[in-house]
Number of protein chains: 2
Amino acid sequence: MGANKITAMDVARAAGVSQPTVSRVFSAGGSVSPALATKVREAAVKLGYRPNTLARSLTTGQSKTIGLIVAYLDNPFYTEALERLSRSLKEMGYNIMIFMAANEARDVDEVVQSLLDHQVDGILMASISMSSELTDRLADEGVPVVLFNRGHATAAVTSVTSANALGGRKVAEFLLAGDHTRIAHISGWQGASTGQDRLAGFVDTLEAAGLSPHSVIDGMFSRAVAAEATRKLMTSRTPPDAIFVGNDHMAFAVLDTLRVELGVRVPDDISVVGYDDVAMAGWAAYDLTTVRQPANRMVQAALAELMAQINGEDHPPRTIEIDGPLIIRGSARRPAGDI
Amino acid sequence: MGANKITAMDVARAAGVSQPTVSRVFSAGGSVSPALATKVREAAVKLGYRPNTLARSLTTGQSKTIGLIVAYLDNPFYTEALERLSRSLKEMGYNIMIFMAANEARDVDEVVQSLLDHQVDGILMASISMSSELTDRLADEGVPVVLFNRGHATAAVTSVTSANALGGRKVAEFLLAGDHTRIAHISGWQGASTGQDRLAGFVDTLEAAGLSPHSVIDGMFSRAVAAEATRKLMTSRTPPDAIFVGNDHMAFAVLDTLRVELGVRVPDDISVVGYDDVAMAGWAAYDLTTVRQPANRMVQAALAELMAQINGEDHPPRTIEIDGPLIIRGSARRPAGDI
DNA sequence: ACCAGTCATGAATACGTATTCAAGGCAAAG
DNA sequence: CTTTGCCTTGAATACGTATTCATGACTGGT
């Protein structure tokens, strides 16, 4: 095999110039006379030279890599976001080092260390909760961090989410307008800010209207837990006439359980509303009424914040919430008079 | 901010030893006296030292990173595989640099170059077709490559797939045993070996039984194309009584189109069989009969091959096919006598 | 024609680690 | 007591690039 690694030195010799000149040709700011530049380029092409990114990163201190930590890849919302992230970052000349982590402090800690060892320029955490101890350490290290679809209690770190409380409120208003009276909530994991906020906005709105929720069960972002919650709800003495589910991923399990297992008609017997508006929510099999999380805008905002921090300027942490509309489909009864 | 990068030199000074000694403490093969080792470790912990992976990679020539190229992230089969890959590689001490690429030669070329620039130790390509020109170049470069869920015509590169032709055959036999007579195929993309092989195994088996397929349409691994194909099939003069769909992802679109849009009953009026057995195939809404691709075993095999190549031993390219069972659920009429 | 100022270029060095090499210490073998 | 050999350690160097600095050439203004 021809594992002859071609270095800038080889190109320099072939082109009759010095190594720094070769470096300048391939770097951004370097200034080289057109004559030498073409000579270098020709030699480089001839030899098949490409700069070694590792060596470059070592001297510049810029790895042009951002670390991505993801928890739930079975939820298509995140794969959608990942796809957009990847595309945008490639355009900006950044690479992605990806890690999957369970939502446990120890696991997250370990992964973050791994990323720091790799000198990543920034870290993006999707649906991962972070201990304050960790945010402190990262701030100390001076590495930019942005939380995607997770808030943080002390606001010492930038986070981008949808307007979760507002979203919960929109669902409550929609269900109230549809004359539902026994409204249950299978919530997102209450260990996550998103789950908490959606629940809060939802319950507050119900109570402002003089109604208390039929019941609230933590669905843990899990299909199995959500399905079990559905069974429990529907076999109670007075089942709900509407269920707001903390995300679409769980809502599909709820719908499956209602229709197929329990033989309940949706939306005739009961209304179901989700949260996320993943592509599958629009599929005919589910046709789910849900709150849209604008993945595209959320990704753009998260990257903009991350880049602002990376490019210095002492960018202070911000909490960004992006509003999204309620997408009305066929899984929930509509308010009377609504065309 | 305390962006004081702690280096091995700092630790060495603090512990009263030389930098190489520090290096030996943190490397695998180094031999250091217990006394000095503990002194070094204590100093390292006190200062918060961690070795700089970039610098280490530069000298060793081992980046401990493998490049992953993925095309279809909306197909959950790949996210499932990605999750397993990530877990296994982390256990083995490897990191993942991930890229998304369209299935176009130019895009793939660019991404591969990017990975090579980063000195990855190996490349894993999932559902990506590679030009022979590219395989040659990679072989020349001496970088191990494994194709996941894609074959390669000239067999000059290792590939791991399921037994696609055999899978197609199993579907054909099952549908024939179920007394279907007008059997259509909405195939996987015929630009991909998987799509071709499933089709070949399927059609060959039908013809061996004296039956020619009702029709064969390329579904391009796309929901939209598969849905359109379904419409076309069902509005023909003599619609099929069974459809074998090239993967689950498309099969869901076919089922949605049949049931909701066209009002056709499945499996009473028509049988549908998919390929992959993604988690969703087991959901009550779809309950899809399908051929299982054993993601776990495929991932393990792919990694084993990749590691064998990385660890030298002049491991020759292999073509590995992993068999998977037909999972019989409710979307297709079962053979009579089958319990 | 003279000077200030800009630009192109190479020599030297830095980045943070691993590895080679030589030297010294020490234990075991005779 | 000597010798052989292994183990530990530090000095020097390599990895492949970017950057600083000094030098020399060249430009333009007068």
Side-chain angles (χ1 to χ4, degrees), chain A residues 3-41 43-44 47-65 93 114 116-121 141-142, chain B residues 3-41 43-44 47-65 93 114 116-121 141-142:
Chain A
N4 339 311
K5 288 286 174 194
I6 308 296
T7 75
M9 202 57 205
D10 299 324
V11 177
R13 268 192 284 269
V17 300
S18 70
Q19 176 268 324
T21 298
V22 175
S23 168
R24 279 187 268 257
V25 170
F26 286 91
S27 313
S31 134
V32 185
S33 70
L36 281 197
T38 58
K39 216 168 16 171
V40 167
R41 265 188 250 277
L47 297 177
Y49 168 74
R50 306 210 88 216
N52 180 327
T53 308
L54 257 46
R56 173 176 288 178
S57 297
L58 186 58
T59 62
T60 60
Q62 301 259 323
S63 66
K64 285 288 179 185
T65 299
S114 209
L116 292 181
D117 294 348
H118 275 276
Q119 315 296 114
V120 295
D121 293 344
E141 199 92 21
Chain B
N4 339 311
K5 289 286 174 196
I6 308 296
T7 76
M9 202 56 205
D10 298 324
V11 177
R13 268 191 285 268
V17 300
S18 70
Q19 174 268 324
T21 299
V22 176
S23 169
R24 280 186 267 256
V25 170
F26 286 92
S27 313
S31 131
V32 185
S33 70
L36 281 197
T38 58
K39 222 176 358 177
V40 166
R41 265 187 251 278
L47 297 177
Y49 168 75
R50 306 209 89 215
N52 181 327
T53 308
L54 258 44
R56 171 176 290 177
S57 299
L58 185 59
T59 61
T60 59
Q62 300 257 329
S63 65
K64 283 293 180 180
T65 298
S114 208
L116 293 181
D117 295 348
H118 275 273
Q119 317 296 114
V120 294
D121 293 343
E141 200 91 22

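A, B, ... follow the sequence lines: proteins, then strands. Residue 1 opens every chain. It should be emphasised that the depicted structure is a prediction, and the values quoted were computed from it without experimental measurement.
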Mind calculating the distance between [atom1] ([X]) and [atom2] ([N]) to the nearest angstrom?
X      : N       : atom1 : atom2 : value
R50(B) : dG16(C) : CZ    : C1'   : 16 Å
I6(A)  : dC15(D) : CD1   : P     : 14 Å
L54(A) : dA14(D) : CG    : C1'   : 15 Å
L36(A) : dG24(D) : CG    : P     : 18 Å

Next on the checklist: Tell me if a side-chain donor or acceptor on S63(B) pairs with a main-chain N or O of S57(B) at a distance below 3.5 Å.
Outcome noted: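 Looks like no, no N/O pair under 3.5 Å.
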Options [options], nucleotide nearest the side-chain atoms of [X]:
X      : options                   : answer
T59(B) : dG10(C), dG16(C), dA14(C) : dG16(C)
S18(A) : dC7(D), dG10(C), dG16(C)  : dG10(C)
N52(A) : dG10(C), dG16(D), dG10(D) : dG16(D)
K5(A)  : dT8(D), dG16(D), dA18(C)  : dG16(D)
S33(B) : dT9(D), dA18(D), dT9(C)   : dT9(D)
L58(A) : dT17(C), dT17(D), dC15(C) : dC15(C)
R24(A) : dT9(C), dT17(D), dG16(C)  : dT9(C)

[X] versus [Y]: any side-chain heavy-atom pair under 4.5 Å?
X       : Y       : answer
N52(B)  : T7(B)   : no
K5(A)   : Q119(B) : yes
E141(B) : L116(B) : yes
V17(A)  : V40(A)  : yes

Checklist entry - For V22(A), which contact category applies under a 4.0 Å heavy-atom criterion: base, sugar-phosphate, or nothing? => result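 Answer is nothing: V22(A) stays at 4.0 Å or more from every strand.
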Checklist entry - Counting any heavy atom closer than 4.0 Å, what does P20(A) reach on the DNA or RNA strands: base, sugar-phosphate only, or nothing? => result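 Result for P20(A) = base.
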Checklist entry - Given dG16(D), is OP1 or OP2 found less than 4.0 Å from the side-chain N or O atoms of T7(A)? => result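 For dG16(D), neither OP1 nor OP2 has a side-chain N or O of T7(A) closer than 4.0 Å.
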Next on the checklist: Can you work out whether V32(B) or Y49(A) has the more 5'-proximal nearest nucleotide on DNA chain D?
Outcome noted: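 Residue closer to the 5' terminus by nearest nucleotide: V32(B).
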Item to check | Any donor-acceptor N/O pair under 3.5 Å between dA18(D) base and Q19(A) side chain | outcome: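 Under the 3.5 Å cut-off, the side chain and the base do form a donor-acceptor pair.
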